[in-house]
Structures are given as structure tokens and as C-alpha cells.
Protein chains: 2
Amino acid sequence: MRDVAMAAQVSISTVSHVLNGTRFVDPATETRVRAVIEQLGYRHNHLARAVARGGRSQSIGVGVSAWTNPYFGAVVSAIDSAVADFGSTLLLGETGEDEEREYRLVTSLLERRVDGIVLAPGPRSAERTLPMLEAAKTPTVLLDRIYPAAKLDQVGTDNIEPTASLVDHLAQTHGKLRIGLVSGLPGLSTTHERLLGYQTGLQRNGIAFDPTLVGDGGSSVEQGEQAAARMLATEDPPTAIIAGNNEMSVGTLRWLRTNRLSVPDDVAFCGFDDFDWAELMTSPITAIAQDWPRIGLRAVSLLRARLEDTTLPYSIDRLPASLIIRNSCGCP
Amino acid sequence: MRDVAMAAQVSISTVSHVLNGTRFVDPATETRVRAVIEQLGYRHNHLARAVARGGRSQSIGVGVSAWTNPYFGAVVSAIDSAVADFGSTLLLGETGEDEEREYRLVTSLLERRVDGIVLAPGPRSAERTLPMLEAAKTPTVLLDRIYPAAKLDQVGTDNIEPTASLVDHLAQTHGKLRIGLVSGLPGLSTTHERLLGYQTGLQRNGIAFDPTLVGDGGSSVEQGEQAAARMLATEDPPTAIIAGNNEMSVGTLRWLRTNRLSVPDDVAFCGFDDFDWAELMTSPITAIAQDWPRIGLRAVSLLRARLEDTTLPYSIDRLPASLIIRNSCGCP
DNA sequence: GTGAAAGCGCTAACAA
DNA sequence: TTGTTAGCGCTTTCAC
């Protein structure tokens, strides 16, 4: 920058002001400066600028469990476009639902002085990560998984009622009484809430809760497959299954196909989470669709709001989800 | 940091050395310093450190077209774990295959002084982005889309032969002679190479190339669906279709289902790109599987190699892909 | 073993 | 309309 100033015969601060548009500069001088910048191939150092400005770096930190989950892909995509509008870049990391990895990631984001953080907290975030985030002055919004006690902004989908509505549909429209649940990773609020929704649904349809009909599917394809296997290989298997997320839907359906059980004839199926391919399955999937992009956008709104006013009360936003009825439930 | 130094009664430089392990510090002093850091809630400023060290920021910039494509999700995931091992964080951005957006993203990454860049270049990258990257001293590796002329490291999948093998299979095993191609976004090397592979396949099976059997599927679900529609609604429609990527596979299959054409009976189908759900489709998909994680890992290796030795010759790595035969092609 | 001080590349009063 | 200069928070030589 000093070189540019010399070559353009202006002061270093004029160069700075040209670059930032922070004060009026004579058009002639400006042109000259820009020409020199171009010619010298000079590139503004964003890092030094952030330091000089005393901190903030025009970037947002994002942490999710796995990029490969299309759910997070869509959310991050929405966040990306939203923050790009005000000149920020994303700093990303994967947590793998691992406490240690998550803690390290957030620490790193904080050290890099991001302007805000969007995090899908894992099962044990309350131990170290959330306290750290609450203590830090960096605006944070928790994504997808809600920690009601956390003094942070949060946004997620309503899980209870939609899951209950799946049970309603299976029970009322298709007369299913033995409904199984391939449940998510223990410790995630989504897992807990969807289980709650499942139980709510059973209850209001007068079906007794049978713990053998709930399997730990670990929120992954593999574990979901195993959970389905355990549940369906029993004496008195369920006649319908609900999978707690898209990954476990794949796992469950894979087991069913491998074992030549047809959906919905042998066993009816519903999933939480809809996706592009859902309608192309052997039996198009009946599922709860979350509004992924909207979740991402909302996260950014919350962040911006708090950026402007730190004293705002913490809010927990629940976005609605909708039931998409296709055929895997038994509907024609 | 000054506060820490004061409170711990040591010099500011000792604090720095404790933090970085850059020189021996008396264990007693070190403990004292760490205690103060803890107590004051001090957090190292990574930005200032990068500036003081004269540049590099321990971060890698990544640009891809769309997060929602599971292909890129998997690649980025692999990159993430690989660079996390040496303490770097990812700076991410979506290009949307848009020249302007891509250019801005790369500019921003450069200004943020990333240590290296991994980019899936769009159709018009050669205009501004690649020249800028070649001029910058920042190590860069091009991902997925190869620009043979670029003076940059590159890694992608072998596209020609695998695509040709799809034609082989369709022609030789299933006797298909009218094979359509739902082709990708014009301008992408992958699109071009897969088209080339398709033509190679036709040729060596003695099938004449018919341009009406190639449709521009724009690499997306929607355009893929439209391309399939145009192609199949003709007088003499293809009896088999190859889709150029996973998105277009979905689009094509969606159109087929909507129009009640069964796969493979009415029309056989193969896709480039395999994915989790492929085997759960009405007719499990025969597809070319790229080794996604390996591509990401290779990108990081190339980056590290160049980080260590700038004078290395530029390499273009082609990773193998494999044919996964299921049923959509007509196999039992 | 530790400290003093110069400097990284930039911003932003303050002054002219 | 522009320049001078004191930082921003850190690293690192050099010296003790």
C-alpha cells in the first residue's frame, strides 16, 4: 500500500480512502491511484484492515455436523447468498457431532474474529461449546438443534406436531397400530422432540407406547439400517415405520429392499425430511418437509438483528414443516 | 495480550511465546500466564497474528458451484478433515456457475490471504478468474472441471472412458442403438468430456451420432427434466438415456415417472454420478461412481505440495471412476 | 529465561 | 481535498 502511495504520489491514507470510499477523493487522484493499483497488481489486505479496524472481519462462521447431508447443504447455501449480500464470507467447519471437534472449531472461529456464528450444536455442546459461546460477545445463532436453556438465539423446525401428524396419518388413514420409530442420535433436541411427537401421536390415537418399537438409528444411514433390522426381525414387527431424518430413511428403506419387504404393502413408511429423490423411490416417500432455505435465511436475520442490537431478548424461532403425502404410507 | 502480560507480570513477548510455543518458557511462568489467560478470558487474535507474520492465515479457500450437490458436499467434507489436520480452516463460497460471482469470491479469498484455493471453475472462468489466479502467488488447485491450458494444478475424474463404457454396456449387453444423452452445462470441461465419451462409445459400437439425441440439461434437475422431455417427446425417441450428472439423473427420471414410462422396460437409463439413494429408486440406477472423497484429498495434497515447493511442474490428475451396474440399464 | 522495541499492513482521528 | 501520525494486536530480532 505504501508502494502504491509512492507511485501515485499521494499519501498512504489517500490510498486507503480510495479503497474504502471512506472520504471524498478528487476524481483525478482516484483514477491515478486505481491505475497504479492495477498496474502494480496490488491487493488489499483484508486481514490487516480487520485488525486496524479493531476486530471484526466481515465473515460469518458456520459449523454443521456433516456437509454430505443435503439438509445442511441447502441451509448453508441460503446463508451464503444472504451474507454475500452484505459483503461477508463464510468460514466453515464440520463438527461430525463430536464434542471435541466442535469445541475446537468454535474456538478457531472465535480466534479468527468472525462477526457471527451459526452452529448446529451436537449432543454434548452444553458441556463446553455453549458456555463459551454465551461468554463470548460474538453473536451466535444455534441451528436446527434447540437448547432451550442456552442464552443464545436459535432457529429450528417445529418437530413435535409434524411427527405426531405422521402417526395420525398412519393410524387414522391406514389403520396402523404397530408403528415403529427409527430414532436419531441421542442427545440431539431434534431426536428428543421427534420422539416426543411420536409419543404424542400414539397417545392421541389411543395406541400404547411400546419401547421395543423405538430403535436408535444414530441419525445415520448405517445405524438407521441396523435399527430397522433389529426392529423388523422380531416376533411381532411393526406394520409401519417412521424414520427420524433423511439419512435414516435411506438406511431403513435399504434394509427393507434388501430383505424383500415391500413398501407399503409389507410395511408402511414415512420419513422426517423430504428430498429431491423422495418421489423417485420404489414407493414415493411420504415425508415431513422442512423449509431448509428459510431456516438459513432466518439464522442470518437473527444474526444481523443482534449485530445491530446486542441487548435484544434471545429468541427461539420455530419454523413450520409440512406433510407431503405420497405413497409409501399406503396412500394410492 | 498486553493485559495478560501485565497481570502475569511478564513481558508481552513472553505471552506470545507461551501461546505459540515458539521458545522455551519457564514452566512456572508458563503456568502463571496460562492461568491469567484463562481468568481474563483472553482469546488469541488470529488475524493480528497473520498480519504480524506477514500474510498467511492458516486457512484454505474453497469455491464450488452449489452446496446442495452431494458431490461437492462430499468433496468439501474430505477437504475439511484433511486441512483440519494441519490446523487450517475453510473459507467457503458458492459460485452458482456465475462468472461475476466466482470472480468476486476468488478476489475476496485472495484479499483474505488464504494459504491456498480449491476452486471448481465455472464455464467462463478463463476470462478473468483463472488469469487472476495464475498471476496470484497463492497456490491453487482446480477441481472437477479441467482447463488444460491453465497454469495451475488440477484434479478431476476421468470422464471420457467411463462415459463410453456406459454406451458399451447399453449397446452390447442390451442391444440399444438409439441412446440419448442429457448433457451438462455448456462450457464445463466435464460436459465436454462426457459428450466426447458418449461419441467415442457410439463410434466404437458402430452407431451413428444423431445430434437430436443430445439435449442440453444444464447440469440441473429442472433443465435436465426439460431436456429429457424434448428428447422423449419426439417421433423417434431414444430407447436408452444417459444423464450427465446426478442432478440431471433426477430430472430425467422425474420426467419418465411423471409420464408413466417405465425404466428400463420403456427406456433404459444410466447416469454419471452415483449416490446413496441410487439403489432405492424404482429401478435401481446403473451409474458411474466417482471417488468423491479421494478427489478432495488429492486436491489438498496438491495444495500442500505446492505450498512447499512453488517450482513444481503443474499437474493434472485424473482419478478413475467405476461402473456400478444395477437395474435401470436393463440388467436383471 | 526473559524483555524492549521495531514492524506487519492497514485505519482514522487530527491537522492543514 | 489531502497528509501526518498514532494506534490495532500480534511476532520476532536482538540484547541482557
Side-chain angles (χ1 to χ4, degrees), chain A residues 1-37 40-59 87 107-115 136-138, chain B residues 1-37 40-59 87 107-115 136-138:
Chain A
M1 184 151 152
R2 200 185 50 232
D3 302 346
V4 174
M6 310 230 75
Q9 320 223 52
V10 294
S11 80
I12 211 170
S13 78
T14 294
V15 178
S16 170
H17 284 117
V18 166
L19 250 21
N20 297 301
T22 9
R23 82 177 175 196
F24 185 87
V25 177
D26 186 291
T29 333
E30 168 154 6
T31 319
R32 188 151 34 92
V33 172
R34 291 206 183 282
V36 173
I37 287 179
L40 258 51
Y42 165 79
R43 197 172 311 278
H44 204 165
N45 187 329
H46 218 277
L47 264 38
R49 186 232 287 249
V51 171
R53 282 187 174 168
R56 291 18 277 241
S57 57
Q58 301 238 81
S59 58
T107 301
S108 162
L109 293 176
L110 253 19
E111 290 185 343
R112 288 178 146 87
R113 297 298 189 268
V114 293
D115 302 327
K137 54 280 137 216
T138 308
Chain B
M1 186 153 151
R2 201 186 51 231
D3 302 347
V4 174
M6 309 231 73
Q9 319 223 51
V10 294
S11 79
I12 213 171
S13 79
T14 294
V15 178
S16 172
H17 284 117
V18 167
L19 251 21
N20 296 301
T22 6
R23 84 177 174 195
F24 186 88
V25 178
D26 185 291
T29 331
E30 169 154 4
T31 318
R32 189 152 33 92
V33 172
R34 290 206 182 280
V36 173
I37 288 180
L40 260 48
Y42 165 81
R43 197 174 311 279
H44 205 166
N45 187 329
H46 218 276
L47 263 39
R49 185 231 288 247
V51 172
R53 282 187 174 168
R56 290 19 276 244
S57 59
Q58 301 238 84
S59 58
T107 301
S108 162
L109 293 176
L110 254 18
E111 290 185 342
R112 289 179 148 86
R113 297 296 188 269
V114 293
D115 302 327
K137 54 278 138 217
T138 307

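None of the values given here were measured: they were computed from a predicted structure. Letters A, B, ... mirror the listed sequences (proteins, then strands); counts begin at 1.
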Taking the side chain as every heavy atom from C-beta outward, state whether A/Arg32 and A/Val10 have any atom pair closer than 4.5 Å. yes
Which nucleotide span of DNA chain D, 5' end to 3' end, has atoms closer than 4.0 Å to non-hydrogen atoms of chain A? D/dT1 to D/dC8
Value in whole Å for how far the C1' atom of C/dG9 lies from CZ of A/Arg53: 13 Å
Please give, in whole Å, the distance from C/dG9 P to B/His46 NE2? 18 Å
With a 4.0 Å cutoff (strictly under), does any side-chain N or O of A/Asn20 reach OP1 or OP2 of C/dT11? yes
Picking from C/dA12, C/dC10, C/dC8, the nucleotide nearest the side-chain atoms of A/Arg49 would be C/dC10
Separation of C/dG7 P from B/Ile12 CD1 (nearest whole Å): 17 Å
Nearest whole angstrom, please: distance from the P of C/dG3 to the CD of B/Gln9. 10 Å
Rounded to the nearest angstrom, tell me the gap between atom NE2 in B/His17 and atom C1' in C/dG1. 11 Å
Rounded to the nearest angstrom, tell me the gap between atom CE in B/Met1 and atom C1' in C/dG3. 13 Å
Within this structure, what is the CZ-to-P distance between A/Arg23 and C/dT11, rounded to whole angstrom? 12 Å
To the nearest 10 degrees, how far apart in direction are the end axes of the helix from C/dG1-D/dC16 to C/dA16-D/dT1, each fit to five base pairs? 30°
